[in-house]
Participant: 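Let me give you the structure first, and then I'll get to my questions.
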Amino acid sequence: QEGLVATVKEAGRSIHEIPREE
Amino acid sequence: DGALGYVREFTRHSSDVLGNLNELRLRGILTDVTLLVGGQPLRAHKAVLIACSGFFYSIFRSRAGVGVDVLSLPGGPEARGFAPLLDFMYTSRLRLSPATAPAVLAAATYLQMEHVVQACHRFIQASCEP
């Protein structure tokens, strides 16, 4: 159907992790 | 004095902050870079881009990146693959369809957004299954 949107939840990390200052 | 401390955690805070940042983007408030994607100008906040993309992290964290306020991405992603990623950065929601998924995958690869790349692969794989 046009316009039907199924939402799938992603529980994992979504973006990179900026390294903590050494 | 060793008194027991209390912390009130506002569990919606991170999504509320992101929602406000998206409103600032849509209204052009404090946006500090124009991205030329497929010739289409897209305004954004460097801080959000750098937080979400390894590619932008490597560009804007350098001293040379500080002065950049217009960035064209020659040979880079096409707008129909990039725009859903910019919306994802500001909303946590990635809009995919069988028609757009390959372009979004190419853009996410270019922007070094590995977790989104994996999600695109899962979506394309699922779309192929009967």
Side-chain angles (χ1 to χ4, degrees), chain A, chain B residues 11 14-15 17-18 21-22 44-62 65 82 84-101 104-105 107-127 129:
Chain A
Q1 291 89 332
E2 187 52 45
L4 179 67
V5 175
T7 299
V8 174
K9 299 272 186 190
E10 291 276 358
R13 190 172 181 85
S14 62
I15 52 177
H16 71 134
E17 181 174 7
I18 290 178
R20 301 299 180 253
E21 197 66 67
E22 288 76 23
Chain B
T11 52
S14 51
S15 62
V17 168
L18 198 58
L21 280 171
N22 195 36
H45 301 90
K46 286 181 189 176
V48 175
L49 298 176
I50 201 171
C52 296
S53 151
F55 171 78
F56 287 122
Y57 176 71
S58 60
I59 286 190
F60 294 132
R61 70 189 287 255
S62 67
F82 186 91
L85 289 177
L86 193 57
D87 289 338
F88 160 71
M89 290 181 194
Y90 279 89
T91 63
S92 79
R93 287 187 297 278
L94 179 66
R95 185 171 280 270
L96 286 175
S97 70
T100 61
V104 176
L105 173 57
T109 305
Y110 182 93
L111 294 180
Q112 298 165 34
M113 297 173 73
E114 192 49 39
H115 303 83
V116 171
V117 166
Q118 295 310 320
C120 288
H121 280 306
R122 285 195 294 273
F123 174 84
I124 291 169
Q125 184 71 34
S127 305
E129 281 154 14

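Values in this document were obtained by computation on a predicted structure and should not be read as measured data. Protein chains get the first letters and strands the later ones, always in sequence-line order, with residue 1 at the start of each.
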Participant: How would you list, by chain and number, every residue that makes a side chain to side chain donor-acceptor pair (under 3.5 Å) with B/Arg61, sequence neighbours excluded?
Facilitator: B/Tyr57
Participant: Which atom names give the shortest non-hydrogen contact between B/Arg95 and A/Val5, and what distance separates them?
Facilitator: NH1-CG2, 3.5 Å
Participant: When rounded to the nearest 0.5 angstrom, what is the spacing between NE2 in A/His16 and CD in B/Glu114?
Facilitator: 12.5 Å
Participant: Is there any residue in residues 44-52 of chain B with a non-hydrogen atom under 4.5 Å from a non-hydrogen atom of chain A, and which ones are they?
Facilitator: B/Ile50, B/Ala51, B/Cys52
Participant: Measure the spacing between CE of B/Met89 and OG of A/Ser14 and express it to the nearest 0.5 Å.
Facilitator: 10.5 Å
Participant: What distance separates A/Ile15 CD1 from B/Met113 CE, expressed to the nearest 0.5 Å?
Facilitator: 7.5 Å
Participant: Which residues in residues 6-13 of chain A have any heavy atom closer than 4.5 Å to a heavy atom of chain B?
Facilitator: A/Glu10, A/Arg13
Participant: Can you tell which part of B/Ser53 gets under 4.5 Å to a heavy atom of chain A, answering side chain, backbone, both or neither?
Facilitator: backbone
Participant: Chain A heavy atoms under 4.5 Å from B/Phe123: which part of the residue, side chain, backbone, both or neither?
Facilitator: neither
Participant: With sequence neighbours excluded, what pairs up with B/Ile59 under the side chain to side chain contact (heavy atoms under 4.5 Å, CB included) test?
Facilitator: B/Phe55, B/Leu71
